[in-house]
There are 2 protein chains.
Amino acid sequence: MATIRDVANHAQVSTATVSAVVNDSAYVSPELRARVLAAINELNYAPSQAARSLKRGRSQLIALVVADLANPFFARLVWAAEAAVAAWGYSLVLFNSDEKPENERRILARIRALSCDGIILVPVDVISTQPQRGSEGEPIPTVLFGRTVEGQKTDTITIDNVSAARQVTNYLMDLGHTRIGTITGPLHLTTGRGRLDGMLEAMRARGLAPAANHVRAGEFREDTAYSVARELLTQPEPPTAIYIANGVMALGVMRALVDLGLKCPDDVSIASTDTIPGIGGLRPRLTRTEHPVIDMTNEALRLLVDRINRGPSIEARNVVFQPSLVVGESCAPYKVRVE
Amino acid sequence: MATIRDVANHAQVSTATVSAVVNDSAYVSPELRARVLAAINELNYAPSQAARSLKRGRSQLIALVVADLANPFFARLVWAAEAAVAAWGYSLVLFNSDEKPENERRILARIRALSCDGIILVPVDVISTQPQRGSEGEPIPTVLFGRTVEGQKTDTITIDNVSAARQVTNYLMDLGHTRIGTITGPLHLTTGRGRLDGMLEAMRARGLAPAANHVRAGEFREDTAYSVARELLTQPEPPTAIYIANGVMALGVMRALVDLGLKCPDDVSIASTDTIPGIGGLRPRLTRTEHPVIDMTNEALRLLVDRINRGPSIEARNVVFQPSLVVGESCAPYKVRVE
DNA sequence: AAACACCAGCTAACCGTTTTGCTAGCATTC
DNA sequence: GAATGCTAGCAAAACGGTTAGCTGGTGTTT
């Protein structure tokens with residue numbers, strides 16, 4: 001393609017002038033500006049991002065690293081992030097760590113090589129929550145999304161997981177349920193841990209606690225949740241209500257119910273934190289918390305771009321979003337079961 | 001970060017030697033190689049992708065442009081593409097044209113500026129199916145995905161839409177249905193057009209045709225399909241079976257059924273081309289065709305990388321995948337309706 | 001009219017790689 | 001021992017932009 005020099009020759013000006021026109025970085029007389037623009041048009045010139053990156057040390061690339069691209073929650077994040085990134089004039093480079101620390105390490109090295117200007121990271125490994133050093137030695141601007149570790153020096157965007165779980169659990173208890181089971185996510189993640197903690201806390205506040213065999217690990221996965229739900233519901237004294245830690249697992253539980261011949265909410269009440277897009281169209285509608293993914297993503301980008309422009313001097317900011325309870329038809333008041 | 005010169009100084013060799021070691025592009029004595037590797041390690045050196053891109057004219061970036069990132073079908077494509085792109089040693093830059101030609105134009109310009117090595121494009125506009133000229137003047141290697149126009153000079157990966165529609169329609173007719181309605185996609189897309197054509201063709205082969213008011217445009221969207229399905233089913237003589245052109249719309253139709261108090265498959269049979277992930281867990285299971293998205297994506301990348309390496313000389317290849325019918329419980333044999 | 005300020009536009013250095021000659025040292029051959 | 005071939009490693013020129021610093025022409029001030 002045409003280079004800046006071709007344009008300069010064609011318009012009878014210097015490359016500096018062409019650059020000034022392209023970037024609006026200095027005054028150029030209307031006459032020359034017109035000549036340059038004409039030449040650009042005629043030669044179909046577009047500046048090489050590679051050359052720019054090299055000289056400026058900025059690539060106009062923002063990396064998004066998600067922990068599980070197959071999960072609709074993250075798919076939605078990707079969707080929102082693409083739009084936000086484009087709106088700020090960057091391009092989105094997408095990576096999937098697939099919940100594997102070794103992938104994450106490889107990806108972060110690649111991001112460094114690409115000299116991405118910023119990272120939105122759903123961290124898998126604790127190590128990765130430490131700032132990544134970039135090509136200048138100072139850390140690459142990073143926003144951790146969704147998950148954190150305590151005492152973070154990085155900007156973070158999170159949801160109040162404890163509150164989410166508390167809201168849902170309170171709702172179930174308000175309906176009279178006391179024998180409540182739960183299917184949790186991985187407890188080494190703040191999303192998994194916090195949601196279990198919130199549930200336990202809410203029950204404790206009313207002098208309750210789930211039976212030990214009513215607390216099961218579902219790994220945030222549909223198929224695991226399916227089999228765990230079967231176990232949970234086929235034991236001698238099954239829970240009358242189940243709190244499920246995320247939307248994908250709720251789908252698995254619904255499936256288990258149908259396959260076990262159980263009716264929701266007649267036989268068992270189901271409620272979850274987090275949802276999956278499209279599930280809104282299904283019946284019974286799930287009682288769940290909704291997370292403002294779009295707002296969270298936009299805020300993540302606002303923080304990130306701000307940090308890119310203002311450097312590491314400013315304080316780390318931790319923004320916590322509040323989930324909201326959306327009541328569907330998947331929960332019924334507790335009634336003594338007729339055997 | 002450390003540059004190649006830092007490494008060269010530190011190891012007491014020239015930059016050329018460091019380059020040779022890093023790229024394995026020339027013989028370097030074991031002794032020097034060891035010194036260089038040690039220096040690289042010590043300085044935590046990683047080559048700048050920007051400088052490489054500039055010099056080599058290759059960026060190791062592959063662009064994926066999808067038409068609608070909110071659609072689970074494309075979300076799945078993104079998931080598969082990220083993995084395939086990484087496996088070939090590239091990074092994925094993601095764009096969403098949101099079905100808007102003007103976005104697509106902007107995106108293609110951006111891709112050119114980034115000097116991406118290849119493009120996987122779900123085209124929105126006919127214009128965009130013409131090859132994009134890159135920084136050397138020759139076209140950027142491109143694979144069109146899912147949709148095409150006839151007489152294409154570009155590599156394409158498609159599904160046999162006509163066959164998909166035919167399979168589903170035949171299945172419905174085998175069950176005895178003759179009054180079959182359909183909710184179509186946009187007819188200017190080959191995916192929309194082909195599926196309608198396949199349905200009409202299958203019916204014509206048995207001397208049938210859908211009533212004019214039983215053919216409705218659903219725009220491949222959940223909400224549109226919902227309202228269109230309501231119209232379709234509340235008219236005087238509703239269809240006894242509906243063929244739906246994609247998975248997202250099937251979800252909308254299911255929702256409409258529930259809201260109208262109709263039972264599937266007792267009151268109306270539902271079948272679709274294409275599905276959405278996660279829908280497999282729901283009841284009744286949808287009768288539909290499944291599209292081998294992962295295979296299609298892997299093949300797309302194989303073609304793309306091959307074209308990147310071998311240039312524009314080789315013939316354009318058009319690979320057509322076959323969908324397969326998956327029978328669920330959403331269809332019942334036709335029976336005379338008891339009014 | 002001399003001195004000066006101002007500024008549009010140019011020249012050239014630089015960003016960090018890759019790669020094309022080139023050099024110099026050694027081994028082989030007559 | 002001179003001529004030749006071979007090759008490991010180097011110096012330096014790109015790649016296509018950005019930008020600091022310079023130049024020379026114009027306008028203003030005294």
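Proteins come first, then strands; the chains are lettered A, B, ... in the order of their sequence lines, and each starts at number 1.
Looking at heavy-atom distances under 4.0 Å, A:Thr15 makes contact with a base. Among the atoms of the strands shown, none is found under 4.0 Å from any heavy atom of A:Val18.
In this model, no donor atom of one side chain and acceptor atom of the other lie less than 3.5 Å apart for A:Ser97 and A:Asn103.
Residue A:Ser29 places at least one side-chain N or O under 4.0 Å from the OP1 or OP2 atom of C:dG9. Side-chain nitrogen and oxygen atoms of A:Ser19 include at least one within less than 4.0 Å of the OP1 or OP2 phosphate oxygen of D:dT18. One finds no side-chain N or O of A:Arg52 lying less than 4.0 angstrom from the OP1 or OP2 phosphate oxygen of D:dG16. Of the side-chain N and O atoms in A:Ser48, none sit less than 4.0 angstrom from OP1 or OP2 of D:dG16. When the side-chain nitrogen and oxygen atoms of A:Tyr27 are compared with OP1 and OP2 of C:dC6, none of them lie within a distance under 4.0 Å. The phosphate of C:dC10 has OP1 or OP2 within less than 4.0 Å of a side-chain N or O from A:Thr17.
When the C1' atom of C:dC14 is taken as reference, atom CZ of A:Arg56 falls 15 Å away, rounded to whole Å. Distance B:Leu54 CG to D:dT18 C1': 12 Å, rounded to the nearest Å. Between the NZ atom of A:Lys55 and the P atom of D:dA20 there is a distance of 9 Å, rounded to whole Å. Taking atom CG of residue A:Leu114 and atom C1' of nucleotide C:dG16, one finds them 15 Å apart after rounding to whole Å. Atom CG in A:Asp24 sits roughly 16 Å away from atom C1' in C:dG9 (whole-Å rounding). Between the C1' atom of D:dG16 and the CG atom of A:Asn23 lies a distance of 13 Å, rounded to the nearest Å. The distance from atom CD1 of B:Ile4 to atom P of D:dA12 is 16 Å, rounded to the nearest whole Å. In this structure, CZ of A:Arg112 is placed 14 Å from P of C:dG16, rounded to the nearest angstrom.
Here the shortest heavy-atom pairing between B:Ala50 and A:Ser53 reads CB-CB, 3.6 Å. Contact detail for A:Tyr45 and A:Thr3: the closest heavy-atom pair is CE1-C, 3.6 Å. Shown here for A:Ala300 and A:Ile120, the closest heavy-atom pair between the two residues is CB-CD1, 4.2 Å.
In this structure, the helix from C:dA1-D:dT30 to C:dC30-D:dG1 shows an angle of 60° between the axis at its start and the axis at its end, each fitted on 5 base pairs and rounded to 10°.
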Which pairs would a plain distance check flag for residues 62-80 of chain B, meaning a side-chain donor or acceptor within less than 3.5 Å of a matching protein atom at least two apart in sequence or in another chain?
{"residue": "B:Asp68", "atom": "OD1", "partner": "B:Ala70", "partner atom": "N", "Å": "3.1"}
{"residue": "B:Asn71", "atom": "OD1", "partner": "B:Phe73", "partner atom": "N", "Å": "2.7"}

Side-chain donor-acceptor pairs of residues 8-18 of chain B under 3.5 Å, sequence neighbours excluded:
{"residue": "B:Asn9", "atom": "ND2", "partner": "B:Arg5", "partner atom": "O", "Å": "3.4"}
{"residue": "B:Ser14", "atom": "OG", "partner": "B:Ala16", "partner atom": "N", "Å": "3.3"}
{"residue": "B:Ser14", "atom": "OG", "partner": "B:Thr17", "partner atom": "N", "Å": "3.3"}
{"residue": "B:Ser14", "atom": "OG", "partner": "B:Thr17", "partner atom": "OG1", "Å": "3.2"}

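Between the A:Ser25 side chain and the A:Asn23 main chain, no donor and acceptor come within less than 3.5 Å of each other.
Checking C:dT17, C:dT11, D:dG16 against every side-chain atom of B:Tyr45, the shortest atom distance belongs to C:dT17.
Applying a 4.0 Å cut-off to non-hydrogen atoms, none of the residues of residues 33-43 of chain B approaches DNA chain C.
Residue pairs that meet the salt bridge (charged side-chain N to carboxylate O under 4.0 Å, His left out) test with at least one member in residues 18-39 of chain A, sequence neighbours left out, are A:Asp24-A:Arg33, A:Glu31-A:Arg35. Every pair passing salt bridge (charged side-chain N to carboxylate O under 4.0 Å, His left out) that includes a residue from residues 86-103 of chain B is listed here, sequence neighbours excluded: B:Asp98-B:Lys100, B:Glu99-B:Arg147.
Under the side-chain contact (heavy atoms from CB on, under 4.5 Å) rule, B:Pro141 has a single partner from B:Val305, B:Asp306, B:Asp155, B:Leu304, which is B:Leu304.
Remark: the A:Arg5 side chain and the D:dG16 base include a donor-acceptor N/O pair separated by less than 3.5 Å.
Residue A:Val28 is the one, among B:Ala46 and A:Val28, whose nearest nucleotide of DNA chain C lies closer to the 5' end (criterion: closest heavy atom).
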